[in-house]
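Predicted model, so just to flag it, every value in this text is computed and none were measured. Each chain gets a letter, A, B and so on, in the order the sequences are listed, and its residues count up from 1.
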2 protein chains.
Amino acid sequence: MDNTGTPLDEEEKGEPTDIPGNKSAKTRERILDAAAFVFSRKGFSRTRLSDIAKVAEIKTGSIYYHFSSREELTAEVMARGVSYTYRTVMARLDELPEGTDNLTRLKTAIDVHLRCLIERSEYARANTKLNGQVPKHIQALHSSNEAKYGEVWRKLLRDAAANGQLRQDLNLSAIRMFILGAMSWSVEWYKPENGPAASVAHDFTEMILNGLIAPPPAT
Amino acid sequence: MDNTGTPLDEEEKGEPTDIPGNKSAKTRERILDAAAFVFSRKGFSRTRLSDIAKVAEIKTGSIYYHFSSREELTAEVMARGVSYTYRTVMARLDELPEGTDNLTRLKTAIDVHLRCLIERSEYARANTKLNGQVPKHIQALHSSNEAKYGEVWRKLLRDAAANGQLRQDLNLSAIRMFILGAMSWSVEWYKPENGPAASVAHDFTEMILNGLIAPPPAT
DNA sequence: GTCTATATATCGATAGAC
DNA sequence: GTCTATCGATATATAGAC
């Protein structure tokens, strides 16, 4: 599976990964990875614990040694999904040179978020797909994470608008939902045959920022 | 509930709607309306036949007099959803004056599709939400409808591009998915508090066609 | 046609052997 | 820690009365 979970922080723990005693931790990871994989493809309802068990190469009942319920497992997959995307976006924004203009920051965030979904993380995909499908109490556990991440986008748009770099006649709330929604839907359709992630992301940022209409021919 | 199902054709059948003998048909409609209502809010997995029955003011078992299975009911809701959107979009395109340019046609289609979702049809909403959630054989039954509708969009974009009205540097397939995806996601977030449908649709078409960047100040 | 009552299947969850 | 076996809850679907 691809890299996920704890992406950028704590890369070094100083311990080898296979000392005796963390066989449990490794199985737990395998279950989570399998769950993210299956959830992102089948959604919540069509995913059986037996499907996850099969991918994780374990028997269904054994999952309960690591998780107290299907919902707890689901909640952790979702939490990892937002957390990963949040941290990856923030890290890339922090890498930008001091004084980078707000439009570039917005464009960067769009690029990174979309790439998290289409090429970087099963967890990000799973979380996007599961949002709106899971029972209310799971959604409730999760909504503060989503809200925190949503705030990043509110600020990105607000800052760019405050600079006068964005058109002033559009409602930023709706715009934010359209941008995030268009990216979210990529979970439903994107496959490698649709072209490299970089080119898909490029086309998307171009459309969002500059629109689809051809510029007047240079004379 | 709102108007749906058979929107534009066959408005007159020449029969009063309550002659004896079509009590059945009316109950069937009530069940379908209820199903569209519940599905569009809770999705496939969280929707119980008992939820639908409650909204339809009928007992759960009675549904089976009208539909042979939950899946048959689901499939009909989805079929009505695409069909409604397809016909509503086509009807509006046909109303445009002869010789209307392809960019205006594209813009019109976006406006109508989005309005179908946010203000016109529970069926359209339900279909959008259910896509990607339902079991494979339902999806399979349904995919030819979706493909046919997808072809409308392929053509709209292709025609506008052929005219030179669209930028030539973007992949139209990905662009199509982004546009439809952004609209689809409205099912997850749109509420009347987000403003009138007309204004949301306006902001969306503006972003898609002209982008978010502020035009240079007139001098 | 719609009801009540019930059969059947599925799946999440638990118990206990190893 | 992971297995097998099974329980129990839920919900689709059916049978039969009215």
Side-chain angles (χ1 to χ4, degrees), chain A residues 17-36 38-39 41-78 126 130 133-139 141, chain B residues 17-35 37-39 41-78 126 130 133-139 141:
Chain A
T17 55
D18 53 0
I19 57 172
N22 60 9
K23 175 187 177 191
S24 174
K26 291 179 78 171
T27 306
R28 203 184 127 93
E29 283 304 306
R30 229 171 49 242
I31 295 169
L32 282 161
D33 285 354
V38 181
F39 276 137
R41 283 160 180 74
K42 319 222 305 184
F44 187 70
S45 54
R46 283 156 61 201
T47 297
R48 306 292 129 212
L49 287 181
S50 57
D51 300 327
I52 295 171
K54 194 167 291 178
V55 174
E57 295 178 290
I58 205 179
K59 297 296 173 180
T60 307
S62 308
I63 292 177
Y64 286 88
Y65 178 79
H66 302 275
F67 299 91
S68 70
S69 69
R70 170 175 137 117
E71 306 198 338
E72 187 188 296
L73 171 56
T74 307
E76 183 157 346
V77 168
M78 294 181 78
L130 291 175
Q133 295 193 13
V134 296
K136 261 199 289 293
H137 49 286
I138 299 186
Q139 195 90 347
L141 281 176
Chain B
T17 54
D18 53 1
I19 58 173
N22 60 7
K23 175 187 177 192
S24 174
K26 293 180 75 172
T27 306
R28 205 184 125 90
E29 283 304 307
R30 228 171 49 241
I31 295 169
L32 282 162
D33 285 353
F37 181 85
V38 181
F39 276 137
R41 283 161 181 73
K42 316 219 311 184
F44 187 69
S45 54
R46 284 155 59 200
T47 297
R48 306 292 125 204
L49 288 180
S50 57
D51 300 328
I52 295 171
K54 194 167 289 178
V55 174
E57 294 178 291
I58 205 180
K59 297 295 173 180
T60 307
S62 307
I63 292 176
Y64 286 87
Y65 178 79
H66 302 275
F67 299 91
S68 70
S69 69
R70 170 177 138 116
E71 307 198 339
E72 187 188 296
L73 171 56
T74 307
E76 182 156 347
V77 168
M78 294 181 79
L130 291 176
Q133 295 194 12
V134 296
K136 260 200 290 294
H137 48 285
I138 300 185
Q139 195 90 346
L141 280 175

Quiz prompt | A/K23 side chain, from C-beta outward: closest of D/dG1, C/dG12, D/dA13 | solution = D/dG1

Self-check item: Atom-pair distance (CD1 on A/I31; P on C/dA13), nearest Å
Solution: 14 Å

Quiz item: Tell me: NZ of A/K54 to C1' of C/dG12, nearest whole Å?
Solution: 17 Å

Quiz item: Once you round it to whole Å, what is the distance between P of D/dG1 and CZ of A/F67?
Solution: 14 Å

Quiz item: Is the backbone of A/F44 close enough, under 3.5 Å, to the side chain of A/Q133 for a donor and an acceptor to pair up by distance?
Solution: yes

Quiz item: Rounded to whole angstroms, how far apart are NZ on B/K59 and P on D/dT12?
Solution: 16 Å

Quiz item: Between B/L49 (CG) and C/dT10 (C1'), how many Å, whole number?
Solution: 15 Å

Quiz item: Under 4.0 Å between a side-chain N/O of A/R48 and OP1 or OP2 of C/dG12, yes or no?
Solution: yes

Quiz item: So what does A/T60 hit on the nucleic acid, given a heavy-atom distance under 4.0 Å: a base, only sugar-phosphate, or nothing?
Solution: nothing

Quiz item: Is it true that the NZ or CZ of B/R41 lies under 6.0 Å from the centre of B/F37's six-membered ring and within 45 degrees of the ring axis?
Solution: yes

Quiz prompt | Below 4.0 Å: OP1/OP2 of C/dC3 and any side-chain N or O of B/S62 | solution = yes

Practice problem: Return the value, rounded to whole Å, for the distance between atom CD1 of B/I138 and atom P of D/dT12. | Solution: 12 Å

Quiz item: To the nearest Å, how far apart are A/E72 CD and C/dG12 P?
Solution: 15 Å

Quiz prompt | Side chain of B/H66 (C-beta onward), nearest among D/dG1, D/dT12, C/dT2 | solution = C/dT2

Quiz item: Using a cut-off of less than 4.0 Å, is there contact between a side-chain N or O of B/Y64 and OP1 or OP2 of D/dT14?
Solution: no

Quiz item: From A/K42 NZ over to B/K136 NZ, what is the distance, rounded to the nearest 0.5 angstrom?
Solution: 5.5 Å

Quiz item: Nearest 0.5 Å, what's the CZ-CD distance between A/R28 and A/E76?
Solution: 4.0 Å

Quiz item: Phosphate oxygens OP1/OP2 of D/dT2: is one of them under 4.0 Å from a side-chain N or O of A/Y65?
Solution: no

Quiz item: Roughly how far apart are A/L32 CG and A/I52 CD1, rounded to 0.5 Å?
Solution: 9.5 Å

Exercise. Could you check whether B/T27 gets within reach of a base, just the sugar-phosphate, or nothing at all, counting any heavy atom under 4.0 Å?
Key: sugar-phosphate

Practice problem: Write down the distance between CZ (A/R30) and P (D/dG1), rounded to a whole number of angstrom. | Solution: 13 Å

